[in-house]
Amino acid sequence: MTETTLNDMQDVETGTGREERVYQATPAQLMWWRFKRHKVAMLSGIILIAAYLIVALAEFVAPYDAFEANSRSTLQPPQAIHFFDEQGSFRGPFVYGFKRGRDPVTMRPIYVADTTKVIPINFFVRGQAYKFWGLFEGNLHLYGTTGPDRINLLGTDTLGRDMVSRLIHGGRISLSVGLIGVAVSFVLGITLGSISGYFGGITDNIVQRGMEFLRSIPTIPLWMGLAAALPITWDPLFVYFLVTLLLSLIGWTYVARTVRGRFLSIKNEDFVLAARFCGTSEAKIITRHMLPSMTSYIIAALTLAVPDMILGETALSFLGLGLRPPVVSWGVLLQDAQNLRTIAQAPWLLAPGAAIVIIVLAFNFLGDGLRDAADPYSK
Amino acid sequence: MISYILNRIAWAVPMLFLVSVASFAVIQLPPGDFASAMVAEMRTQGDVVPEGTEERIRHEYGLDRPIYEQYVSWMGKIVLHGDFGTSLGFNQPVSNLIWDRLFLTVSISLASLILTWVIAIPIGVYAAARQYSFLDYFFTIFGFIGRGFPEFLSALILMWFAYSWFGMNVGGLFSPEMQNAPWSLAKVIDLANHLWIPLLVLASSGAAGLIRIVRANMLDELNKPYVETALSQGLTEWSVIWRYPVRVALNPFISTIGWALPALISGDVITSVVLNLPTTGPLLLKALQSQDMYLSGAFILILGAFTIIGTIVSDILLAISDPRIRYR
């Protein structure tokens, strides 16, 4: 939206010529105004854009790659960011180094913050080399350290790998599963939903029963069964696509239900009737006249279908049936946190869980907001 | 009414057929079959396997016959003799392994379904009757957060809290010392001590969504004239609410039982793996990992059949409570 629209909105709020502006506004403008009223949805949208930007630029944003292990700093706790040192003088953003010791009884490594060792955080540093999206070479990182000391803002895992880096690289897989899955659901859902809603009768009945059937199977056991049938020896990337396909196998029913409901309610509208009188073919009526009129509903339904896919991938990988290491996804990362003792000892391993909750909630709120905004002419 | 019930049951038959085909497909999908797996296992145990054994086993178990014949004989054995085949991993009939676990899964799912209602209905009704009150906002937030937490994550976090705050060693249904003890009051208390976590995990994720539904339905009903009429006749507010609008508002609620059941069984499978409960989940996972396909096929078949039956029961309940449904 442009600046003028925002200014227009303010004028509308003050009440001068309000009716006039509402009549003149395009549907897109009305939707945007209504969507802006839903503050939580706006915030969720911003969070999601930020999250997708971060994982898109994963190699640059993460200080290390997902596999850089360090046996000297296993299960190291998160480091707090400080600005002032012990003497109270300003040092810029920095973290304290850790002194590594051993618990005298259990022989587990324990870490104590060493306040004499100040590790400044530098921005746009040259660090570990990477291949951006596997295409361009680079070594520039958003933040990092210049000295030999490493920085682990969210701690490290059992092999001393940086949690921030693993979280970001894992997010690339986990978040894209949702998008690709939704793309498949989109095609399936719209095709079957529109056929079912437009033609009705026996076609509708068959599609409806099919959807009812898919929804009546307990999803997790079915996914587990199908995922277990994928041979371990296959290429991880191929397995990833198959897992996504599996997830969208159930996800499309949600989209199809929305599309069908809209079709039922608009198929007797005047504009559809007019198109039919003009001798337009049925395929053209559906694709050129009816589907565009419900774009906003479809977008809202798709947004609400994404979190289910993300949760499905995480659950399957968590159980060891979806993606497997060396592929890094949030579900794979949470496998490390399966053991109660590990969590009690290193609660920061649950960080991917927090990321999942935030992303899923954000998608839900955004979907709610879009659904409310989808019909700007209602009260 | 009778015709409606018959119609629903008639629809269940093709559904059950499809579930059985899906389960059979799961059995068939992995590369290799029972015979090659068995021969491979004999070889790893150091046995000298004569040439042609694989073919002999394959013939003996009917694995060399066309796929539809195999399906018919698999289903035939299940329907006629309750014989689900042999578990490769445990080397005993599948039916010996599954029934107590299925019983536990179904009881935990039903118990958490009831707990979901006990939590969701009063809260939803209250939140609607006192819209925009502090508690309404509180439960709205709870409902949204509950939607974002996958079951296994809330199970992990609850386990962690119970362990680090109360020093409880959660997981399983009994403490190690009670595992094989005869039933006594102490054992029942021990069971209750372990059972609350899975029940809470399953019920809270379901309740989060249902509170929203009950609240929305109640808000629609509360503004209708019949509520005002009842109030004007001098009934107290809560007796009006519980007697009239709640009954109408719960209608769509009954219809979602059918969907709640598959979700609960799904949730139970994964929660049990995390909490190490002796339900179907961990065994199904193990069966899938070791490609013990008859065992996993049987689980998927029975869990699917349960949910279809559950959906029918909820449809019939709905038809009884709301006569309009039958004629739709």
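Numbered from 1 within each chain, the chains take letters A, B, ... in sequence-line order.
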Test item: B:V273 and A:F318 side chains (from C-beta on) under 4.5 Å apart, heavy atoms: no
Choice from A:A315, A:A337, A:G353 maximising heavy atom contacts with chain B below 4.5 Å: A:A315
Partner chain B: residue of A:V360, A:I343, A:L311 with the largest heavy-atom pair count (under 4.5 Å): A:I343
Reported CD1-to-CG distance for the pair B:I157 and A:L350, which is rounded to 0.5 angstrom: 6.0 Å
CZ on B:F149 to CD1 on A:I356, rounded to 0.5 Å: 10.5 Å
Neighbour count >12 (heavy atoms, 6.0 Å) for atom CD1, A:I202: no
Per-residue contact mode, A:L334 against chain B (heavy atom under 4.5 angstrom): side chain
Contacting moiety of B:I300, where chain A heavy atoms sit under 4.5 Å: side chain
Part of B:L153 lying under 4.5 Å from any heavy atom of chain A: side chain
Stepwise side chain to side chain contact (heavy atoms under 4.5 Å, CB included) test for B:F152 and A:T314: CA-CA 10 Å; B:F152 70 94; A:T314 331; 4.0 Å; yes
Residue pair A:P347 / B:W160: nearest heavy atoms and the distance that separates them: CB-CZ2, 3.4 Å
